[in-house]
Amino acid sequence: MKKTCVITGGSSGIGLSIVKLFIENDYQVFNLDLSPGTEGDFRQCDVTNLEQVSEIIHDIASQHNIDVLVSNAGVHFSATIENTSEADLDKVFAINVKGAYAAIKSVLPNMKANKQGAIILMASDQALIAKQNSFAYNLSKTALASIAKTTALDYAAFNIRANAVCPGTIETPLYHQAIDNYCQKSGSDKAAVHLEEEKLQPLQRLGQPEEVAELVLFLASDKAKFITGSLQVIDGGYTAQ
Ligand code: NAD
C-alpha cells in the first residue's frame, strides 16, 4: 500500500521537487498550496487560514493514515527591523510560522492514533545564523526550529518524529524573486549578484531543490528512525564558515 504524504507549498521550488521525489518513491502526495500544482493531489489552501488547513487535513485523514507531513510553504521578506511594519511581520509569521502550526496541529490526531509519523519543517540556514536585512524571515525560521524541537519532545511517546531542514541558498523561484527585489532596490545587475552569491558558498554554487528533496525523503523514511528534534543543515558549507 502507498504511504501518504501531506505537503504545504508543493507547487513550486523545493516543495515541487519533494512532491516529485515522493511520488517516484511510491507515496500518495497531497499538495496544499495557494497556486495549482502540476504534481500530486492538489488541494487549494491558504496556510494562513487555520480553519481551511484543518478541514482539508481532516478530510484527507478520514481516508488515509498520514505517514508524513512536510510543512514547507513559506515566503521571503527582506528588511531590517526598522523597515518592517507590523503588517509585514504579521504576514511573514502568518505564512511561515502559523501555517506550520496549523498543519502540524491538524495531522497530529491521525499520527497519534496510528502511533507513527514523520514531520519535516522547512526552516533555513537562518534558523542557525542571521543574515543582514532579514529580520522577520530570520525570526520566523528560528521559530520553526523551535517547533521541530518541542514537537519532537511532546510526541516522541507516540513514535512521531519531527525535524527541521535548514537549507542554504537554493535556486528556486523564491531565490530569483529575492534577487530581483534586491536588484530593483539597489540598481545592481542580476547576473553579477547571482555570481557573487555563488562565490559566497564554500562549494561555489547554489543548492538545487532536488538535493533538498533527497534529504526530506531520507528524514521521512525508516532509515532516519532515530533522528528526531534535529536541525538538518544542507547549505554547501555556508554555516561552517
Ligand atoms: P517558492 O516560492 O518556489 O515556493 C513556495 C510555495 O509556497 C509556492 O508554491 C507558494 O504558492 C506556496 N505558498 C506561499 N504562501 C502560501 C500560503 N499562504 N498558503 C499556501 N501555500 C503558499 O519557494 P522555495 O524557495 O521553494 O521555498 C520553499 C520553502 O523553503 C520556504 O519555506 C522557504 O523559506 C524555504 N527555504 C528556501 C530557501 C531558498 O534559498 N530557496 C532557503 C532556505 C529555506
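Whatever order the structure lists them in is the order used to number ligands and atoms, beginning at 1.
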Completion exercise
When distances are taken from atom 19 (N) of ligand 1, the protein heavy atom at minimum range is V47 N, 2.9 Å
Problem - Minimum non-hydrogen distance to atom 20 (C) of ligand 1, winning option of A103, G207, C45 - result: C45
Handout entry: I95 N/O to ligand 1 N/O under 3.5 Å
Key = no
Problem - Nitrogen or oxygen atoms of Y175 and ligand 1 under 3.5 Å apart - result: no
Problem - Exceeds 12 heavy-atom contacts within 6.0 angstrom, atom CD of Q63 - result: yes
Practice task
With heavy atoms of S35 as the reference, note each atom of ligand 1 found under 4.0 Å away.
Solution key: 11 (O)
Handout entry: G13 neighbourhood, listing ligand 1 atoms whose heavy-atom distance to it stays under 4.0 Å
Key = 3 (O), 26 (O)
Problem - Q241 CD: over 12 foreign heavy atoms closer than 6.0 Å - result: yes
Problem - Note, N96 side chain near K141 side chain (heavy atom, < 4.5 Å) - result: yes
Completion exercise
Counting from 1 in the order shown, the ligand 1 atoms closer than 4.0 Å to a non-hydrogen atom of I14 are 26 (O), 30 (O), 37 (C)
Practice task
Report, in ascending order of atom number, the atoms of ligand 1 lying under 4.0 Å from any heavy atom of D46.
Solution key: 17 (C), 18 (N), 19 (N)
Practice task
Evaluate side chain to side chain donor-acceptor pair (under 3.5 Å) for S230 paired with N163, printing each intermediate quantity in order.
Solution key: CA-CA 5 Å; S230 76; N163 293 287; 2.7 Å; yes
Practice task
Measure the shortest side-chain to side-chain distance between Q52 and D46 over non-hydrogen atoms and say whether it is less than 4.5 angstrom.
Solution key: yes
Fill in the blank from the handout: Under 4.0 Å from one or more heavy atoms of Y137, ligand 1 contributes atoms 33 (C), 34 (O), 35 (C), 36 (N), 43 (C), 44 (C)
Problem - Contact check: P167 vs ligand 1, nitrogen or oxygen atoms, below 3.5 angstrom - result: no
Exercise for the section: Answer yes if the side chains of N159 and Q116 hold a donor-acceptor pair under 3.5 Å, and no otherwise. Expected result: no
Exercise for the section: Please indicate whether any nitrogen or oxygen in I170 is less than 3.5 Å from any nitrogen or oxygen in ligand 1. Expected result: yes
Handout entry: Where R161 and L219 come nearest, the two heavy atoms and their spacing
Key = NH2-O, 2.8 Å
Problem - Y175 side chain near I170 side chain, heavy-atom distance below 4.5 Å - result: no
Exercise for the section: Decide whether an N or O pair under 3.5 Å exists between T172 and ligand 1. Expected result: yes
Problem - Set of ring pair (Phe, Tyr, Trp, His ring centres under 6.0 Å) partners for Y137, sequence neighbours left out - result: H76
Practice task
Please identify which atoms of ligand 1 are closer than 4.0 Å to at least one heavy atom of M122.
Solution key: 29 (C), 30 (O), 32 (O), 35 (C)
Exercise for the section: Output yes when the distance from some N or O of ligand 1 to some N or O of S124 is under 3.5 Å, and no in every other case. Expected result: no
Practice task
Not counting sequence neighbours, which residues clear ring pair (Phe, Tyr, Trp, His ring centres under 6.0 Å) with Y27? List them please.
Solution key: F22
Problem - Interatomic spacing from CG in D235 to CD in Q201 - rounded to 0.5 Å - result: 7.5 Å
Practice task
Using a strict cut-off of 4.0 Å, indicate which atoms of ligand 1 neighbour a heavy atom of G9.
Solution key: 6 (C), 7 (O), 12 (C)
Exercise for the section: Pick whichever of A178, G74, G10, A123 has a heavy atom sitting closest to atom 5 (C) of ligand 1. Expected result: G74
Problem - Part of N96 with heavy atoms under 4.0 Å of ligand 1, whether side chain, backbone, both or neither - result: neither
Handout entry: S11 side chain reached by N31 side chain, heavy atoms, under 4.5 Å
Key = yes
Practice task
May I ask you to check if ligand 1 and D33 share an N or O to N or O distance below 3.5 Å?
Solution key: yes
Problem - 4.0 Å heavy-atom contact, C166 with ligand 1 - result: no
Practice task
Identify, by atom number and element, the atoms of ligand 1 in contact range of S12, meaning under 4.0 Å from any of its heavy atoms.
Solution key: 1 (P), 3 (O), 4 (O), 8 (C), 9 (O), 26 (O)
